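In what follows, a single structure is set out as structure tokens and then discussed.
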Amino acid sequence: MTYVVTESCIRCKYMDCVEVCPVDCFYVGENMLVIHPDECIDCGVCEPECPAEAIVPDSDDRAAAWGELNRQYAGTWPNITRKGEPPDDADVWKGKEDKAKLFSPEPGTA
Ligand code: SF4
Ligand code: SF4
């Protein structure tokens, strides 16, 4: 099992999750983060830290559409180990539904 970042992260990108992960398995895109499924040790500490409730175990129904995307982009985006500045409008996007269409495949900056 692993944990998965879902669309709730898009344009929120608070990065609180990065601070608590003991194995530094988050990778950063332009407007969301992903978890490397082969590096995640399934400890679960990041899940309650996310203000957007974007992180779920892969057994959760919400993870189904995002598992492969986490694997794919964890292989190309840069690793991120320290919290940066969230977007100015992160709170505006928190809790909004249907954000998948806003996903950017571009890499972010760690
Ligand atoms: S804390 Fe949540 S919203 Fe912020 S980057 Fe991590 S998964 Fe995304
Ligand atoms: S479950 Fe643990 S190892 Fe996996 S991403 Fe979250 S904090 Fe990191």
Side-chain angles (χ1 to χ4, degrees):
M1 203 174 95
T2 179
Y3 279 72
V4 173
V5 184
T6 65
E7 68 178 283
S8 300
C9 178
I10 294 172
R11 293 203 174 171
C12 286
K13 207 176 162 187
Y14 292 103
M15 294 170 276
D16 298 39
C17 52
V18 169
E19 293 282 300
V20 298
C21 180
V23 293
D24 293 337
C25 64
F26 282 92
Y27 292 78
V28 59
E30 183 179 31
N31 67 13
M32 79 174 282
L33 267 57
V34 292
I35 292 170
H36 196 308
D38 297 334
E39 296 174 1
C40 173
I41 58 169
D42 196 23
C43 69
V45 300
C46 58
E47 183 184 7
E49 295 298 323
C50 175
E53 298 183 10
I55 302 173
V56 297
D58 65 0
S59 53
D60 189 295
D61 288 347
R62 287 169 293 167
W66 292 89
E68 255 327 292
L69 184 142
N70 274 239
R71 177 178 289 283
Q72 179 183 349
Y73 288 97
T76 59
W77 288 350
N79 185 230
I80 180 168
T81 58
R82 284 210 212 127
K83 182 176 160 92
E85 277 296 315
D88 289 341
D89 57 354
D91 287 344
V92 174
W93 289 98
K94 187 166 87 170
K96 280 213 194 311
E97 295 189 359
D98 228 5
K99 293 197 284 183
K101 57 183 179 289
L102 302 171
F103 170 76
S104 166
E106 297 302 318
T109 309

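Position 1 is the first residue of the sequence, and the numbers go up from there. Predicted model, so just to flag it, every value in this text is computed and none were measured.
Summarising the geometry of Pro37 relative to Thr2, their closest heavy-atom pair is CA-OG1, 3.6 Å, with the distance given to 0.1 Å. Contact record, Lys13 with Met32: CD-N, 4.1 Å, taken as the closest heavy-atom pair. Thr81 and Val18 get closest at one heavy-atom pair: C-CG1, 3.2 Å. Residues Cys21 and Phe26 come closest through the heavy atom pair CB-CE1, 3.7 Å. Between Cys9 and Ala54 the shortest heavy-atom distance is N-CB, 3.4 Å. Looking at every heavy atom in both residues, Trp77 comes nearest to Gly29 through CE3-N, 3.1 Å.
For the pair Ile55 and Ile35, the minimum side-chain heavy-atom distance is below 4.5 Å.
Here the side chain of Asn31 pairs no donor or acceptor atom with the backbone of Ile10 at under 3.5 angstrom. Of the possible polar contacts, none joining the Asn79 side chain to the Cys25 backbone as a donor-acceptor pair under 3.5 Å is found. Of the possible polar contacts, one joining the Lys99 side chain to the Ser8 backbone as a donor-acceptor pair under 3.5 Å is found. Under the 3.5 Å distance criterion, the side-chain polar atoms of Asp58 are left unmatched by any main-chain donor or acceptor of Met1. Proximity of a side-chain donor or acceptor of Lys83 to a complementary backbone N or O of Tyr14 within less than 3.5 Å is detected.
Val56 and Val20 fall into different hydrophobic clusters, defined by Ile, Leu, Val, Met, Phe, Trp and Tyr side-chain heavy atoms under 4.5 Å apart, directly or through other members. One hydrophobic cluster, built from ILVMFWY side chains closer than 4.5 Å, holds both Val28 and Leu102. Hydrophobic cluster membership differs between Val23 and Val4, with clusters built from Ile, Leu, Val, Met, Phe, Trp and Tyr side chains linked at under 4.5 angstrom.
Within a 6.0 Å radius of CG in Asp42, other residues, nucleotides and ligands contribute more than 12 heavy atoms. Counting heavy-atom neighbours within 6.0 Å of Glu53 CD, excluding the residue itself, gives a total of 12 or less. Within 6.0 Å of atom CG in Asp88, 12 or fewer heavy atoms from other residues, nucleotides or ligands are found, so the atom counts as exposed in its surroundings.
A side-chain contact (heavy atoms from CB on, under 4.5 Å) with Asp16 holds for exactly one of Cys50, Pro86, Cys46, Pro51; it is Pro51.
Of the inter-residue distances, the one linking Arg11 atom CZ with Asp91 atom CG reads 15.0 Å to the nearest 0.5 angstrom. Separating the OH atom in Tyr27 from the OG1 atom in Thr76 is a distance of 10.5 Å, to the nearest 0.5 Å. Atom OH in Tyr73 sits 9.0 Å away from atom CD in Glu106 (nearest 0.5 Å).
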Practice item. Evaluate the side-chain contact (heavy atoms from CB on, under 4.5 Å) criterion for residues Trp66 and Glu7: first the C-alpha distance (whole Å), next the side-chain angles of each, then the deciding distance (0.1 Å), finally the verdict. Key: CA-CA 8 Å; Trp66 292 89; Glu7 68 178 283; 3.1 Å; yes
